[in-house]
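A short write-up of the structure that comes next.
All values derive from a computational prediction rather than experimental measurement. Because only heavy atoms are used, hydrogens play no part in the values below, and waters and symmetry mates are left out as well, while side chains stay in.
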Amino acid sequence: MLLLVAAFLVAFVLLLYMVSPLISPKPLKLAGAHVVVTGGSSGIGKCIAIECFKQGAFITLVARDEAKLVQAKKEIEKHSVNDKQVVLCISVDVSKEYRQVENVIKQAQEKLGPVDMLVNCAGTSLSGKFEEIEIDRFARLMEVNYLGSVYPSRAVISTMKERRMGRIVFISSQAGQLGLFGYTAYSPTKFALRGLAESLQMEVKPYNVYVTVAYPPDTDTPGFTEENKSKPLETKLISETSSLCQADQVARVIVKDAVQGNFNSSVGSDGYMLSSLTCGMSPVTTITEGLQQVFQTAMKHEPAMYTIHLLHPTRMQTYYIRTIRL
Ligand SMILES: NC(=O)C1=CN([C@@H]2O[C@H](COP(=O)(O)OP(=O)(O)OC[C@H]3O[C@@H](n4cnc5c(N)ncnc54)[C@H](OP(=O)(O)O)[C@@H]3O)[C@@H](O)[C@H]2O)C=CC1
Ligand SMILES: CCCCCCCCCCCCCCCC(=O)[C@@H](N)CO
């Protein structure tokens, strides 16, 4: 019996390695690519823009405050690697009107060509006890963090599908992997991004478009400083168990994962553990990731469960879907 299980596992691992070229996308070339970064005027978004610019990309920064945009543009331009590179700034609130966001993307495409990579980094956080958070803030946070990622993505997706190439990145958070004291308004907006990303990835994979969800830990940014002003002591104590990162370090990891087309992107060893523990049935981009999900399930359930986890038709879709003829 044991032998049978072992043989089954070996056969399966072999099979997975055979299909591995099918599930690993070709890396995106950033040199000459057009990268749109919402929230690109500050913190993590600005560092993502710098990282892409350093690799030869053309950048469109999208945020509301024009002065901050101009300042960020100057900072990014210092890192140019050739004299053709451009940083374009467009001011818009990504969470209000879909048509406005669509126009901004149109303008960007007219100036710098079709979008090769969209990074949805515009977002805001708020911590506090459930009953102390002003009721309007729940809707506002959902608008900015969730709809503010839906709108730009929706505006670029058709062109990406037509061109059979592209990357869409969503910036969730470790607080989008587990709910924490103080994050009743914030966490759900970041969980929502994962649902969106998983669904969208399944739709666009046949068109060679890859989606990445990043789950950064606390990161030293202007947004983080702002959030700390109202942070309950409990939230601070819990958060201190995970590391505080620098924005450029987080940005490097996110850009690397997006370029490679990895679905999941996490930073550091606790980020890695958290992603393993909360892997669910997310799309996998590497064999190790797939096996890891299964062993994760195996530790939690009876053997039947991990067979289902591996072989369920839905999982098969995420392995195999390449082309659909409608
Ligand atoms: N810092 C952290 O600890 C972590 C942050 N994150 C997430 O990363 C993202 C960036 O965070 P961080 O760098 O700290 O944030 P910052 O506050 O430093 O920067 C936020 C950026 O988003 C823009 N922005 C905010 N709201 C809107 C809007 N409605 N429309 C257009 N642009 C907007 C801001 O510009 P402007 O205000 O001018 O519009 C700014 O460029 C957020 O989604 C955050 O939730 C995730 C995990 C950890
Ligand atoms: C075995 C696994 C160990 C992992 C321990 C994980 C502990 C969780 C700490 C979570 C910290 C909260 C991050 C929120 C960041 C964020 O989105 C805001 N800062 C935005 O500004």
Side-chain angles (χ1 to χ4, degrees), residues 19 21-40 48 52 57-60 62 88 90 92 94-95 97-122 146-172 192-214 254-255 257-265 281-286 313-326:
V19 300
L22 284 179
I23 65 172
S24 314
K26 230 174 55 204
L28 177 82
K29 285 190 189 67
L30 276 181
H34 180 191
V35 179
V36 174
V37 187
T38 74
I48 289 177
C52 294
F58 289 62
I59 309 287
T60 299
V62 178
L88 178 69
I90 308 182
V92 75
V94 289
S95 67
E97 282 278 335
Y98 174 67
R99 294 289 161 218
Q100 278 179 7
V101 178
E102 202 184 27
N103 270 334
V104 162
I105 296 293
K106 260 200 202 119
Q107 279 175 46
Q109 312 224 63
E110 273 159 22
K111 296 223 167 78
L112 300 181
V115 179
D116 296 291
M117 179 156 122
L118 165 69
V119 183
N120 291 295
C121 198
Y146 176 65
L147 293 179
S149 296
V150 170
Y151 295 163
S153 305
R154 178 65 200 275
V156 299
I157 199 68
S158 301
T159 312
M160 284 188 178
K161 284 173 76 172
E162 278 160 23
R163 294 175 70 222
R164 297 283 191 276
M165 68 174 291
R167 297 285 191 268
I168 295 187
V169 184
F170 296 102
I171 311 296
S172 177
L193 290 176
R194 176 170 176 164
L196 168 65
E198 288 190 3
S199 307
L200 182 62
Q201 177 63 92
M202 210 186 263
E203 284 189 21
V204 299
K205 195 173 170 187
Y207 300 88
N208 195 36
V209 176
Y210 284 87
V211 176
T212 298
V213 201
I254 294 171
V255 171
D257 283 320
V259 161
Q260 290 179 357
N262 295 337
F263 183 76
N264 183 89
S265 178
M281 261 180 69
S282 284
V284 295
T285 12
T286 63
T314 308
R315 157 67 73 226
M316 284 304 170
Q317 299 274 76
T318 73
Y319 291 147
Y320 293 121
I321 289 185
R322 290 297 281 188
T323 45
I324 296 178
R325 299 191 200 293
L326 298 169

Subject >> Partners passing ring pair (Phe, Tyr, Trp, His ring centres under 6.0 Å) against F170 (at least two apart in sequence or in another chain) >> reply: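 With neighbours one apart ignored, the set is empty.
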Original post:
Can you find a heavy atom in the side chain of Y98 that is under 4.5 Å from one in the side chain of V150?
Top reply: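 Result no, sub-4.5 Å side-chain heavy-atom pair not found.
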Original post:
Hey, does M160 have a side-chain heavy atom less than 4.5 Å from the side chain of Y207?
Top reply: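 Of all side-chain heavy-atom pairs linking M160 with Y207, none is under 4.5 Å.
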Original post:
Where the side chain of E102 meets the backbone of A155, is there a donor-acceptor pair that is under 3.5 Å apart?
Top reply: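 Judged by distance alone, no pair lies under 3.5 Å.
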Original post:
Is S265 reaching over with its side chain to a backbone N or O of D257, donor-acceptor style, under 3.5 angstrom?
Top reply: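 No; zero donor-acceptor contacts below 3.5 Å.
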Subject >> N120 versus S153, side-chain donor and acceptor atoms under 3.5 Å >> reply: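 A donor-acceptor contact under 3.5 Å links the two side chains.
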Subject >> N-O pairing of E198 and R194 below 4.0 Å >> reply: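 Salt bridge: yes.
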How long is the gap from [atom1] on [X] to [atom2] on [Y], to the nearest 0.5 Å?
X	Y	atom1	atom2	result
F58	L88	CZ	CG	11.5 Å
N103	E110	CG	CD	9.0 Å
S158	R163	OG	CZ	13.0 Å
E162	I157	CD	CD1	11.0 Å
E97	Y151	CD	OH	8.0 Å
L196	S172	CG	OG	11.0 Å

Which atom names give the shortest non-hydrogen contact between [X] and [Y], and what distance separates them?
X	Y	value
A197	V213	CB-CG2, 3.3 Å
R167	P25	NH2-CB, 4.5 Å
D116	M165	OD1-CE, 3.4 Å
T159	Q109	OG1-NE2, 3.9 Å
K161	R164	O-NH1, 2.9 Å
I168	V156	CD1-CG2, 4.0 Å

Side-chain donor-acceptor pairs of residues 26-36 under 3.5 Å, sequence neighbours excluded:
residue	atom	partner	partner atom	Å
H34	ND1	G113	O	2.7
H34	NE2	T60	OG1	2.8

**OP:** Could you walk me through whether V62 and V92 pass side-chain contact (heavy atoms from CB on, under 4.5 Å), step by step?
**Re:** CA-CA 7 Å; V62 178; V92 75; 3.5 Å; yes
Subject >> Candidate pair V119 and M117, rule side-chain contact (heavy atoms from CB on, under 4.5 Å), full reasoning >> reply: CA-CA 7 Å; V119 183; M117 179 156 122; 3.9 Å; yes
**OP:** State which residue, out of I48, T38, L193, T212, fulfils the side-chain contact (heavy atoms from CB on, under 4.5 Å) condition with I171.
**Re:**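 For I171, the side-chain contact (heavy atoms from CB on, under 4.5 Å) check succeeds only for I48.
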